[in-house]
Amino acid sequence: MEIALPCPVQPGWDYYERVLRLEARLQRELGGSDSQSAEPDGASGLTKVLSLADAITAGSPIDFAKIPGGDLRNVAVQAAVQAMRLKMPAFVDTLIAVDPDDPGRRWFRIMLRARERQSVQQKLANIEAIRRIVREETAQDDWKNDLSTEATHSQPYVTGYFVLLANLIQSVSRDQWLTFGVATLGVGICLLVAFRRPMIVFLALIPNIIPGFLVLGLMGWIGLRINMGAAMIAAVSMGLTVDSSVHYLSAFFRERERGTSLLESLHRV
C-alpha cells in the first residue's frame with residue numbers, strides 16, 4: 001500500500017518531521033513484527049512503513065532536528081534530497097511525484113507493507129485504520145498550510161495493489177451468487193435457442209448446476225475460506241460444463257432422428 005500526501009514543491013524539515021510523526025503513529029498503533037516467522041499467516045497490521053523522510057534521515061551524518069535555525073535546516077534537508085536524487089533519480093522522483101494532471105501539485109509517498117494472507121475483513125479494517133490515522137494527523141494545525149494552499153489543495157488518500165485487491169476480492173465474493181445466477185440464466189437461454197425444448201433445458205441445467213453447489217457446500221463444511229478464485233468456481237464451471245452438455249445433447253438428438261433406439265442412442269453418444 002501507499003499513502004499519497006499533498007506536499008509543497010520543496011518541502012522543508014517541518015514537513016518531513018510531520019511525516020515521521022505520522023509514520024511513528026502508524027507503526028505504534030498498527031505495526032507488527034517484520035520477521036516472516038514471528039507471526040502466523042493471517043496476522044494483521046503493518047510490517048513496514050517507509051518514505052523519503054526515513055531515507056534522508058538515515059543517510060545523513062547529522063541530525064536535522066539539532067541544526068539551529070529553520071532556514072538552515074531546510075537548506076540541509078533539500079541538499080540531502082538533491083544528493084539522493086543525483087544517485088537515485090528515479091527512486092526519489094517516485095517518492096515525491098508530480099501530479100500528471102496538475103504540474104503544480106506534488107504528492108509525497110509513504111510506502112506500507114502488510115501480510116497478504118489475511119481475511120478480507122482484516123485487510124479492509126487495516127485500510128480503514130490507516131485512513132483514520134491519516135485523517136486525524138493531517139487535521140492538526142501544522143498540516144493545514146500544506147493542505148490548503150492553491151498548489152496542494154487536495155486530500156491525502158490510501159492506495160496501492162493491497163487496497164485494490166482487497167476491494168476486488170470483497171466484490172467478487174459478495175457477487176458470487178449474482179454471477180452464478182446470471183451464468184445459469186445465460187446458459188439456459190442458449191440451450192433454449194439451441195434445442196427449443198424447455199424440459200430439455202431444465203434437465204440439461206441440473207448436471208451443470210450440481211457440481212458448483214457440491215464444491216461450494218463442501219468448502220463450507222470443511223471450513224475453507226472463500227477467496228477470489230473460489231468465488232468464481234460456480235460461474236466459471238457453468239461455462240465449462242455446458243459445452244459438454246451441448247455436444248452430448250446434440251449427438252443424442254441426431255441419433256434419435258436417425259431412428260436409433262433410446263438405449264442405443266445413449267450408448268453411441
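Remember, predicted model here, so these are calculated numbers, not experimental data.
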For side-chain contact (heavy atoms from CB on, under 4.5 Å), just list the numbers for S265 and F253, CA-CA rounded to whole Å, side-chain angles, deciding distance to a tenth of an Å, and then say yes or no. CA-CA 8 Å; S265 296; F253 288 127; over 6 Å; no
Nearest 0.5 Å, what's the NE2-OG distance between H267 and S261? 10.5 Å
Check E255 with R258, please: is the shortest side-chain N to carboxylate O separation under 4.0 Å? yes
What verdict does the side-chain contact (heavy atoms from CB on, under 4.5 Å) test give for F64 and N74, after you've listed the backbone C-alpha separation in whole Å, the side-chain angles of each residue and the deciding distance to 0.1 Å? CA-CA 9 Å; F64 295 114; N74 291 340; over 6 Å; no
Start with the C-alpha distance between R106 and V98, add both sets of side-chain angles, then the distance that settles side-chain contact (heavy atoms from CB on, under 4.5 Å), and finish with yes or no. CA-CA 5 Å; R106 300 290 189 277; V98 177; 3.6 Å; yes
I3 and V134: which non-hydrogen atoms are nearest, and at how many Å? CD1-CG2, 3.7 Å
Can any side-chain N or O of R18 pair as donor or acceptor with the backbone N or O of D142 at less than 3.5 Å? yes
Closest non-hydrogen atom pair between L22 and E137, with its separation: CD1-CG, 3.7 Å
Less than 4.5 Å apart, side chain to side chain, heavy atoms only: is that true for L30 and L112? no
Say whether, by atom type as modelled, one donor and one acceptor occur between the side chain of D54 and the main chain of S51 under 3.5 angstrom. yes
Would you call T57 and W13 a side-chain contact if the rule is heavy atoms closer than 4.5 Å? yes
Answer yes or no: is there a donor N or O on one side and an acceptor on the other, between the side chain of T47 and the main chain of R113, under 3.5 Å? yes
Minimum heavy-atom separation for W143 to T138, with atom names? CB-O, 3.3 Å
Answer with yes or no whether the hydrophobic clustering places V120 together with L168; edges join I, L, V, M, F, W, Y residues whose side-chain heavy atoms lie under 4.5 Å apart. yes
Main chain of S119, side chain of Q122: is a donor-acceptor contact present, judged purely on distance under 3.5 Å? yes
Apply salt bridge (charged side-chain N to carboxylate O under 4.0 Å, His left out) to the pair E17 and R21, showing each step before the final yes or no. CA-CA 6 Å; E17 201 170 30; R21 186 180 70 198; over 6 Å; no
For R115, does its backbone N or O pair with a side-chain atom of K123 as donor and acceptor, under 3.5 Å? no
For the CZ atom of R73 and the CG atom of D14, what is their distance to the nearest 0.5 Å? 6.5 Å
Distance check, rounded to the nearest 0.5 Å: S237 atom OG versus L216 atom CG? 8.0 Å
Does a side-chain heavy-atom distance below 4.5 Å link I130 with L26? yes
Side-chain heavy atoms under 4.5 angstrom apart, residues restricted to Ile, Leu, Val, Met, Phe, Trp, Tyr: same cluster for V193 and I200? no
For a side chain to side chain donor-acceptor pair (under 3.5 Å) with N208, tell me which candidate from T184, D243, T241 qualifies. T241
Could you tell me whether D71 atom CG has more than 12 heavy atoms of other residues or ligands within 6.0 Å of it? no
ring-ring contact (aromatic ring centres under 6.0 Å, His included) pairs touching residues 221-251, sequence neighbours excluded, are none
same_hphob_cluster(L124, L165) at 4.5 Å side-chain heavy-atom cutoff: yes
Is the closest side-chain heavy-atom distance between V92 and K87 below 4.5 Å? no
Might you point out which heavy atoms bring G45 and N126 nearest each other, and give the distance in Å? N-ND2, 3.3 Å
For residues L46 and Q27, determine if any side-chain heavy atom of one lies less than 4.5 Å from a side-chain heavy atom of the other. no
Taking the basic N atoms (NZ, or NE/NH1/NH2) and the acidic carboxylate oxygens, is any pair closer than 4.0 Å for R132 and E128? no
According to a 4.5 Å side-chain heavy-atom criterion applied to Ile, Leu, Val, Met, Phe, Trp and Tyr, with indirect links allowed, do V49 and W107 form part of one hydrophobic cluster? no
Could you give me the CA-CA distance, side-chain angles and deciding distance for F213 and F180, then say whether ring-ring contact (aromatic ring centres under 6.0 Å, His included) is met? CA-CA 10 Å; F213 277 105; F180 183 54; 5.5 Å; yes
Do the rings of Y16 and F108 sit parallel, tilted or perpendicular, given the 30° and 60° boundaries? perpendicular
Please say yes or no: joined through hydrophobic side-chain contacts below 4.5 Å, possibly via intermediate residues, are F91 and V19 part of one cluster? yes
First locate atom CD of Q82, then atom CD1 of I56, and finally report the distance between them rounded to the nearest 0.5 Å. 11.5 Å
State, to 0.1 Å, how close V163 and M1 come at their nearest heavy-atom pair, and which atoms those are. CG2-CG, 3.8 Å
Do side-chain atoms of R256 reach the backbone of T260 as a donor and acceptor pair under 3.5 angstrom? yes
Once you round to the nearest 0.5 Å, how far does CD1 of I133 lie from CZ of R28? 8.5 Å
Audit row: F162, E116, side-chain contact (heavy atoms from CB on, under 4.5 Å) steps and yes/no: CA-CA 8 Å; F162 190 91; E116 172 59 27; 4.1 Å; yes
At their closest point, which heavy atom of A204 faces which heavy atom of S245, and how far apart are they? O-OG, 4.4 Å
